[in-house]
Every structure is written in structure tokens, then in C-alpha cells.
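One structure coming up, written as C-alpha cells, with questions to follow.
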Amino acid sequence: MSPLSRRSFLGATLAAGAVAGLAAAGCSTGAPPVRSRPPARPLAIPPLAPSSTDAGGRRVFALTAAPGTSTFLDGLATPTWGYGGLPFGGPTLRVRRGEEVVVRVTNRLPETTTTHWHGMTLPARMDGGPHQPIAPGATWEASWRVDQPAATLWYHPHPHGATERHVHRGLSGLVLVVDDVPVALPDRYGVDDVPVVLTDRSFTRDGAFDEQHRNAVGLLGDTVLVNGTVAPYLDVRTTRVRLRVLNASPARSYRIGVGSPVTLVGTDGGLLPAPRVVDDVLLTPGERAEIVVDCTPGRRTVLRSRPDDLGAVNGVAAAAGGADAFDLLELRPAERLSPSPAVPAVLSREAPLAAPAEGSTVRRFVLSNNRINGLAMDTTRVDEVVPVGATETWEFTNRHTQPHNIHVHDARLQVLDGPAAGRAWKDTVAVAPGTTVRALVRVGPYADPEVPYMLHCHLLRHEDDGMMLQFLVVGPGQRPATTIAAGHDHG
Ligand code: C2O
Ligand code: CU
Ligand code: CU
């Protein structure tokens, strides 16, 4: 069998759900192993999105989603989709806590898309989920007041059933929330405060992204793109760099580290109360970590991904890319570095979520074969109704052999037990096979009895396959809708 037909065969087998067969097939065949390549290109830094201020003092951004052509590998042109004039990826939106922002998203793609602000606390109508479609040629306007602590968030499409494809073609960008609480962390964008957006692709012989060879985990590639750059290096001029790492991959997880301890300063939803020295950090799709890396003059350091079984057995981890070890980014410190401030002992004074009263609602979500509580996503169904501003305990149990994760829109979470427990702010949490993750979940302050938020696995193939539920956030006295008007633009 040629390598290609062998992969097609495995892809078909896996698509049918026969993951157990992987163990027999050998561990590297479940997903194409990532190859490390010698660092060859400077890391691309997504530009900061330009904005203007309107008469009402609102900060206005315009983003267009459009097809383009990218060159990732020498001599190969790759058809891609991007935002804001970039052929792939998107500019970084930097917004301040307290300001009103407006983002006008124009769709120049050949099909309907949406733009979701992952991790943002905002009204459901502005969330950019499956209920806020943007038809080709149309412009959708999202506006909200930014009111959450400093964090690394991101934006990406969320059209029901097509999220994986839209993201895979290249649509995703960062949103940095800046607040007024001074904290002495490196903050010069692209200099010592560096976005690191990880994603992986395989290429067909003519240079296109391979959209065909997926397994039960999803689309995994043999080539890692960091901010769209293959085999990147970064010239460093300071003794410390802050890396804002986003796992924007459709399916692959990464365990990132530099071979010596790094300082973890932030997670999905903001800064930690205090820095934590760690050997590495696991990022499943959708998760973010802010780490500070100490640099020695003239000594190169490599950010790598290490193997992680993701709690799975029998080759399932390999199918999720968990057997792979590979380089992500080489840091190249200059011979002379300017000193960076030491990482402060206190990063955030934000109070942790208070435990809900004894006897208050506990919501339970059982993850199985691409279903939650046995249900497939129905865009018209109301799955949960949550009181506005509530902090509740939610339990996620993975009864499947495969790793999944859970992302909750409009919410900030703190995990109560397991390896991720603690005061880290999360919006996406890994749930290993056979485990339960309990979290305090706080939904935002916006009530809407008609338009839901989403709760889903962020392995995009699973989400597209229906591993997603909807919840309404309602105010006192509001009567929640019993069905949702699907696919209708509520804006
Ligand atoms: Cu990052 Cu519902 O998505
Ligand atoms: Cu989200
Ligand atoms: Cu999943």
C-alpha cells in the first residue's frame, strides 16, 4: 500500500469508530507524526488590528473574512482563509477593560460563517455562535462593553456543522484584554510579549491543506504552524519573554515546555493569583497559557511539545497525536539582553469564585461518543437554563475511551479537583477518559430568555458532529423560551 492509500484506509477505519484497531496498527499510524524541522524562518507576529473611535467613544474594528493564498512550504501555494486582509489567521484585537467595542465582521467567503469571541463575557446575541450567521456578502456587527480582567482570548468561526473546516482553512485570531491593574509582566507586543498560536496541518501534493485524512479524534497534521510559520525562530532581546500560547488546532493537544522550568502566569480566563513554576503545560484545543521563559544571553532555547497520553490507553493517545514529540519555536537570545523585571509574586487580586451554597444546583454532563448526556446538538432545543450571574457547580464525566474537553461560552471556570484544580481561570477544560472534572462555573451578567450560549467539546470534529448543548441565561422573572429559533439571525 502506498503511504497515501494506507492513510486513507486508516482514516476510513477510524471514521467508523474503530479506534481500538489502532493499537494493532502501530502507534504512529493513527495520526501523521509531526516532523521537527530545523528552524528556518522568523516567527510571524500577527499585526494588531487597527481601530477607530466613533462619536460615542466606542472602539470600532472592522474585520473581513476572505479567501487568500499562503506560502507555508517553499514553492507551494496553499489556498487559505483569513481575517483582516491576512491570507491565514487574523490580526490581534487589543481591547481595554471598561471600553465599549464594536466589531463589524464582513463575510467575503463563499459560504455562511460566524465569528465567536472565545472566552469573552458578552450578551448572547453578540457571542457569534451558530445563531448569529453571517451570509456571504453580509456584515454582522457585534458590540459589547469589555468587563473582565486581563486575558488572552481568541476569535474563530462557529457555524454549526462547519466549524472544523472554517477554522482549519485558517480563520482564527487573538483578542487581548488589557486592564488597568498594573502588573510588571513583559508587555511589548511582538517583542517580549509574544503571541504563539499553535495549529497543525498536513498538505496535499499540490500544496492545499489536507481536509480528508481525519481519524475519530479529528484532523491532525504532520506540520505545526506557529502564527502560520513553519519551523520558526524568535530573536529575543530581553532576559524574559512572555509567551501567550493558544492551541488553535482542530484536534491536536500539546504539552509545551522548554526542557527546564517555566513560569506559568495566566490561563484561559486571566492571570493566576501568583506565578507557578512548572515543567510544562498541557493545552488541549481551545486552551491558552501565558508563560514567562527566562533567557540566557546567546543560548538558544526550544519550545517543544512532549508526549502525553491524555489519560487514554490502547493507541487512542497516539491517534490524538499524544505520542509525538516535536519542536515548536526556537528562542534565539542576543549576546546582550536588556533586563526584564522579575515576575511579581502577586499577579492578580481577583477573588476566587465562592463555593455555591449547600444544596444549590449541580449540573451534570456526561461525555460519551460525541454526545453530551446522550444528546446530539439540536439548535432548536434548550438544554439548560441558568440564572444570570450565578456561580454553580458543573460536573463533566467522560465515559468514553477518547479524550474530550469542554468549553463553556460566556463563563469563567475554576476547576475543583484533578490535575487542573486551583484558582486558575478557565473556559476550556480537558476531561480524560474515565474521569470526572468538577468546576465552579460563573456565567456572565447578561440575561436573554431567547438566545442561547453554547457548551461543547472543543475538538472541532466532535463539536460539528453534535457534541454541543445550548443554555439560556435568564434574569429574575424572565421566562425562558422553550425552543430556539434556529439559524435565524437574532441580531
Ligand atoms: Cu472556541 Cu464555542 O468555541
Ligand atoms: Cu467560546
Ligand atoms: Cu470531544
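Note that this is a predicted model, so its numbers are computed, not measured. Counting starts at 1 for both ligands and their atoms, in listed order. Just so it is clear, the values below take in all heavy atoms, side chains as well, and ignore hydrogens, waters and symmetry mates.
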Cut-off under 2.8 Å, centre atom 2 (Cu) of ligand 1, protein N/O/S atoms:
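The answer, once waters are left aside, is H158 NE2, H409 NE2, H456 NE2.
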Taking salt bridge (charged side-chain N to carboxylate O under 4.0 Å, His left out) as the test, write out the residues that go with D268, two or more places apart.
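For D268 the salt bridge (charged side-chain N to carboxylate O under 4.0 Å, His left out) partners, ignoring immediate neighbours, are R288, K426.
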Indicate the ring-plane relationship of H456 and H407, choosing parallel, tilted or perpendicular according to the 30° and 60° boundaries.
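Taking H407 first and then H456, their aromatic rings stand perpendicular (interplane angle over 60°).
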Are W81 and F209 near enough that their ring centres are under 6.0 Å apart?
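Distance test on ring centres: not under 6.0 Å, no.
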Are H131 and W140 close enough that their ring centres sit under 6.0 Å apart?
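Centroid separation for H131 and W140: 6.0 Å or greater.
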Over all heavy atoms of both residues, which pair between H400 and P433 is shortest? Give the atoms and the distance, please.
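Closest heavy-atom pair between H400 and P433: O-CB, 3.2 Å.
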Taking 2.8 Å as the distance threshold, tell me the number of protein N/O/S atoms next to the Cu ion (ligand 2).
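There are 2 of them.
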Verify the distance criterion only: is there a donor paired with an acceptor across the side chains of Y254 and S249 at less than 3.5 Å?
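Note: Y254 and S249 side chains meet the donor-acceptor criterion.
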Parallel, tilted or perpendicular: which describes the rings of F365 and F396, with under 30° parallel and over 60° perpendicular?
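Parallel.
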Hey, what's the ring geometry for H156 with H116, parallel, tilted or perpendicular (30° and 60° as the breaks)?
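H156 vs H116 ring planes: perpendicular.
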Evaluate the side-chain proximity of V178 to R94: yes if any heavy-atom separation is below 4.5 Å, no if none is.
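Yes - at least one pair of side-chain heavy atoms lies under 4.5 Å apart.
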Evaluate the ring planes of F72 and F203, with Trp represented by its six-membered ring, and classify them as parallel (under 30°), tilted (30 to 60°) or perpendicular (over 60°).
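The rings of F72 and F203 sit tilted, inter-plane angle from 30° to 60°.
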Please tell me whether R59 and S51 have a donor and an acceptor in their side chains that are separated by less than 3.5 angstrom.
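Yes, S51 and R59 have a side-chain donor paired with an acceptor closer than 3.5 Å.
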Polar protein atoms (N, O or S) that approach the Cu ion (ligand 3) to under 2.8 Å
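Correct list: H404 ND1, C457 SG, H462 ND1.
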Which residue is it: L176, L271, T92? I am looking for the one with a side-chain contact (heavy atoms from CB on, under 4.5 Å) to T152.
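Of the listed options, the one satisfying the test is L176.
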We want to know whether D210 and S202 form a side-chain donor-acceptor pair, criterion being a heavy-atom distance below 3.5 angstrom.
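No pair is found: no donor N or O on one side chain lies under 3.5 Å from an acceptor on the other.
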